[in-house]
*Asks:* 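Have a look at this one.
To find a chain, count down the sequence lines: A is the first, B the second, and so on, and within it residues start at 1. Excluded from the calculations below are hydrogen atoms, water molecules and symmetry mates; all remaining heavy atoms, backbone and side chain alike, are included.
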Protein chains: 2
Amino acid sequence: MATIIDVAKLAGVGIGSVSRVINGKDSVSDKTKLKVNKAIKALNYKPNQSARSLVSKKFNTIGIWGTELAGTFNSQTLRVIDHELITHEKHCLVTNGDISNLGNPNVAIDSVNDLISKGCDGIIFWGTDITHFDIGFIEKYFPNIVLLNNRIEKFDQKCFYFNHYKAGYIAGQHLVDNGHKSIACITGDFQTEDGRKRHEGFLDSMKDNNITVPSEFIIEGDYSFIKGQESVMTLLKRNLDFTALFCGNDQSAMSAIATLTSNGFNVPDDISVFGYDDNDIAPFTSPPLSTIRVPFDDMALAAVRYLLNTCYDLQLSVEHNFPVELIERKSVRNLT
Amino acid sequence: MATIIDVAKLAGVGIGSVSRVINGKDSVSDKTKLKVNKAIKALNYKPNQSARSLVSKKFNTIGIWGTELAGTFNSQTLRVIDHELITHEKHCLVTNGDISNLGNPNVAIDSVNDLISKGCDGIIFWGTDITHFDIGFIEKYFPNIVLLNNRIEKFDQKCFYFNHYKAGYIAGQHLVDNGHKSIACITGDFQTEDGRKRHEGFLDSMKDNNITVPSEFIIEGDYSFIKGQESVMTLLKRNLDFTALFCGNDQSAMSAIATLTSNGFNVPDDISVFGYDDNDIAPFTSPPLSTIRVPFDDMALAAVRYLLNTCYDLQLSVEHNFPVELIERKSVRNLT
DNA sequence: TATATAATTGGAAACGCTTCCAAACAATTT
DNA sequence: AAATTGTTTGGAAGCGTTTCCAATTATATA
């Protein structure tokens with residue numbers, strides 16, 4: 001592979017001139033520019049980024065550390081991130097922190113260190129599967145970080161999160177407002193913080209309305225289609241009397257609807273279903289799903305932009321406020 | 001940030017020894033190893049990968065060039081790739097070739113060159129949105145590539161693809177076998193090669209069964225939920241008499257089912273629906289969707305492994321054969 | 001104990017680039 | 001024509017590693 005020296009030789013100039021042409025910021029005469037560009041083309045020369053970043057201390061790459069790199073909506077979010085980065089001529093280096101099966105307890109920190117030593121100028125932490133302690137530790141020697149869908153008071157500016165508690169509360173209140181008093185629940189994954197938060201919010205809305213939710217009405221889910229199905233089956237077997245079902249996300253809501261339907265229940269006439277996320281799927285379940293819109297894409301965009309600003313001295317506008325929005329479709333029946 | 005020299009000084013050894021300890025392949029005495037490791041910890045030292053790869057010519061990173069980085073199943077596939085890479089201590093650098101809106105016609109080649117000059121040891125080309133000509137050009141100076149869900153005869157070994165033609169044919173035949181003679185179609189995206197191929201296969205199966213499909217029975221889709229809905233609506237408006245609907249993917253099949261249902265048609269009693277992909281969603285539509293299983297994950301795994309083998313001299317087993325599999329669920333009615 | 005062999009070690013050279021500085025050249029002013 | 005100013009240029013130094021070689025130290029053998 002051709003180096004800058006080859007180009008300089010072929011063009012009959014010094015390496016400094018070649019470098020100047022490549023980077024296009026210092027002044028070079030048109031004559032030199034021409035000669036250099038011709039040589040670059042002739043040799044199919046591509047600057048070696050390792051050498052470049054070794055001296056410039058910039059890698060033009062943002063690391064993404066995530067445990068949420070699966071799931072229907074997340075690829076869309078990843079795309080948003082990538083698109084914004086490419087717009088600013090940066091790249092993204094992806095790493096999946098969630099590799100519990102590799103048997104290394106330090107995987108989280110290790111993979112972050114990898115990202116750092118690989119030269120990432122900044123890192124997006126996506127998800128809550130990293131301890132606050134770890135983040136604090138990392139932030140000390142590597143401050144260019146941002147948290148997506150996670151919140152740590154200490155770094156509030158660097159956090160881009162959604163008020164899942166409030167959203168859960170609003171969802172519950174909405175069901176109550178529609179006359180529901182007996183509500184079952186397939187929660188999100190309690191392993192994740194937002195899964196817990198939205199459930200807390202839901203529970204508190206019940207409490208504030210003097211409604212008790214017996215524990216057999218609650219099943220801990222994990223956001224998957226299959227778990228939604230299974231949970232409905234156990235709920236049905238328990239022979240409980242509920243008029244509404246609050247699901248931890250749209251996926252489980254969807255399979256819940258399908259399972260309910262194939263078991264002879266009409267949604268929403270017999271049982272109302274309420275989702276969470278406002279996925280791509282939500283408008284296309286039958287009936288279309290009422291849900292909470294979580295503006296993941298907006299959050300992701302804001303997070304990248306914040307990082308872009310701090311890493312490369314840009315001035316992109318950054319949103320920090322992501323309001324809870326309730327989307328009413330057809331899956332909740334008004335009982336009043 | 002601490003460098004290898006700092007570590008050497010603190011440990012009271014030469015930089016060579018530090019390097020040897022880090023890389024753990026040359027012999028070092030236990031005493032030295034201990035001193036060095038202590039210093040590394042004390043300084044929170046992380047080797048600079050740019051410097052490393054500058055000399056070693058290895059970056060331990062695989063580039064992913066893709067235009068298919070959205071969609072329900074793709075994030076799962078990305079996860080498979082990432083997981084396999086991490087298992088072998090490699091990373092993935094993701095770039096999205098599909099940024100048509102940036103207005104640069106050379107985006108494809110440019111973004112690939114970026115990946116190369118950034119030091120990627122190999123590249124996965126994911127999708128068909130790059131011309132054979134471009135691939136040929138790139139392969140000449142950068143042979144460590146692999147094509148996922150794409151086929152170019154010349155590089156057959158490096159291609160990991162699925163026989164979409166055959167799958168389309170089998171899908172059509174299955175509908176015919178179940179007594180369907182009047183079949184409508186919401187195709188995949190004809191912009192993509194596999195969208196075209198599966199449609200060709202379908203059409204040929206019709207021809208071989210002496211069934212003509214009038215053009216008003218065919219609507220070009222784009223794989224999206226919304227397009228599935230719209231297409232069903234236009235089909236319905238045209239007032240055609242069809243007993244089955246073949247969809248270009250599961251997403252459009254799902255929204256087609258929902259739309260059909262909400263318009264008073266029972267699936268499959270009135271109209272049968274057949275999908276394509278065997279997504280996560282497929283088992284959870286109502287009724288559960290009969291479809292073609294496309295083993296994206298297996299293909300992706302094989303592709304990474306092939307690349308891993310060529311880039312890093314490994315000997316992982318690599319599958320090259322991905323059979324077409326028809327998944328029968330409940331969305332196709334037997335008319336015979 | 002002296003010698004031959006093996007294991008370990010330190011540090012120079014090289015990787016390909018950017019940046020800086022002094023030198024060369026050009027344009028302008030006196 | 002000489003002096004001043006401004007523009008462009010070449011190439012040395014340095015970025016933080018790995019790798020190599022010669023030198024040192026430890027071990028085994030006679």
*Asks:* Measure the distance from CD1 on B:Ile22 to P on D:dG16 and round it to the nearest whole Å.
*Replies:*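 After rounding, the gap between these two atoms is 13 Å.
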*Asks:* Verify side chain to side chain contact (heavy atoms under 4.5 Å, CB included) between A:Lys46 and A:Ile40, making sure each step is shown before the conclusion.
*Replies:* CA-CA 8 Å; A:Lys46 303 191 194 346; A:Ile40 286 178; over 6 Å; no
*Asks:* When the aromatic ring centroids of A:Phe160 and A:His320 are compared, is their separation below 6.0 Å?
*Replies:*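 Ring centres of A:His320 and A:Phe160 closer than 6.0 Å.
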*Asks:* Rounded to whole angstroms, how far apart are CD on B:Gln49 and C1' on D:dT18?
*Replies:*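 Computing the B:Gln49:CD to D:dT18:C1' distance gives 12 Å.
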*Asks:* Find out whether B:Lys90 and B:Thr61 are in side-chain contact, i.e. whether some heavy atom of one side chain is under 4.5 Å from a heavy atom of the other.
*Replies:*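 The answer is no, as the side chains (C-beta and beyond) never meet within the 4.5 Å cut-off.
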*Asks:* For the helix from C:dT1-D:dA30 to C:dT30-D:dA1, what angle lies between the axis at the first five pairs and the axis at the last five pairs, to 10 degrees?
*Replies:*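 End-to-end axis angle: 40°.
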*Asks:* Just the rounded figure in Å: distance from C1' of D:dG16 to CD1 of B:Ile40.
*Replies:*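 B:Ile40 atom CD1 is separated from D:dG16 atom C1' by 14 Å.
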*Asks:* Could B:Glu139 and B:Lys154 be called an ion pair, given the rule that one side-chain N must be under 4.0 Å from one carboxylate O?
*Replies:*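 Looking at B:Lys154 together with B:Glu139, the answer is no, because their closest N to O distance does not fall below 4.0 Å.
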*Asks:* Do B:Arg151 and B:Asp156 sit within salt-bridge range, that is, some charged N less than 4.0 Å from a carboxylate O?
*Replies:*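 Between B:Asp156 and B:Arg151 there is a salt bridge, with a charged N closer than 4.0 Å to a carboxylate O.
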*Asks:* Once you round it to whole Å, what is the distance between P of D:dG16 and NZ of B:Lys9?
*Replies:*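 The distance from NZ of B:Lys9 to P of D:dG16 comes to 12 Å, rounded to the nearest Å.
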*Asks:* So what does A:Lys33 touch, heavy atoms closer than 4.0 Å: a base, only the sugar-phosphate, or nothing?
*Replies:*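 Here A:Lys33 touches no strand at all.
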*Asks:* Does the plane of the ring in A:Phe133 sit parallel, tilted or perpendicular to the ring in A:Phe137? Use 30° and 60° as the thresholds.
*Replies:*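 It falls in the parallel class, under 30°.
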*Asks:* Contact boundaries of DNA chain C with chain B (under 4.0 Å, heavy atoms), 5' to 3'?
*Replies:*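 On DNA chain C, the outermost contacted nucleotides are C:dT8 to C:dG16.
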*Asks:* Describe the nucleic acid contact of B:Asn23 in one word from base, sugar-phosphate, nothing, applying a heavy-atom distance below 4.0 Å.
*Replies:*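 Sugar-phosphate only.
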*Asks:* Pair B:Ile64, B:Leu93 - check side chain to side chain contact (heavy atoms under 4.5 Å, CB included), show working.
*Replies:* CA-CA 6 Å; B:Ile64 301 186; B:Leu93 192 58; over 6 Å; no
*Asks:* When B:Phe125 is tested against each of B:Leu148, B:Val146, B:Asp134, B:Ile138 for side chain to side chain contact (heavy atoms under 4.5 Å, CB included), which residue passes?
*Replies:*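 Single side chain to side chain contact (heavy atoms under 4.5 Å, CB included) partner of B:Phe125 among B:Leu148, B:Val146, B:Asp134, B:Ile138: B:Ile138.
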*Asks:* Test A:Thr77 against every option in A:Asp298, A:Asp297, A:Asn149 by the side-chain hydrogen bond (donor to acceptor under 3.5 Å, both in side chains) rule and name the one that passes.
*Replies:*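 With A:Thr77 as partner, A:Asp298, A:Asp297, A:Asn149 yield a single side-chain hydrogen bond (donor to acceptor under 3.5 Å, both in side chains), made by A:Asp297.
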*Asks:* Evaluate A:Ser29 against A:Thr32 for side chain to side chain donor-acceptor pair (under 3.5 Å), listing each step before the verdict.
*Replies:* CA-CA 5 Å; A:Ser29 72; A:Thr32 310; 2.8 Å; yes
*Asks:* From NZ of B:Lys57 over to C1' of D:dT18, roughly how many Å is that when rounded to an integer?
*Replies:*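 Computing the B:Lys57:NZ to D:dT18:C1' distance gives 12 Å.
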*Asks:* In whole angstrom, what separates B:Ile4's CD1 from D:dT19's P?
*Replies:*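 Interatomic distance, CD1 of B:Ile4 to P of D:dT19: 11 Å.
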*Asks:* In whole Å, I'd like the distance from the CG atom of A:Asn48 to the C1' atom of D:dT17.
*Replies:*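 From A:Asn48 CG to D:dT17 C1': 13 Å.
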*Asks:* Taking for each residue the nucleotide of DNA chain C with the nearest heavy atom, is it B:Ala51 or B:Asp30 whose nucleotide lies nearer the 5' end?
*Replies:*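 It is B:Asp30 whose nearest nucleotide is closer to the 5' end.
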*Asks:* Using a 4.0 Å heavy-atom cut-off, write out nucleotides 5-13 of chain D from 5' to 3' as B (base contacted by protein), S (sugar-phosphate only) or - (no contact).
*Replies:* ---SBBBB-
*Asks:* With a sphere of 6.0 Å drawn around CD of B:Gln191, does it hold more than 12 non-hydrogen atoms of other residues, nucleotides or ligands?
*Replies:*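 Atom CD in B:Gln191 is not packed in, count stays at 12 or less.
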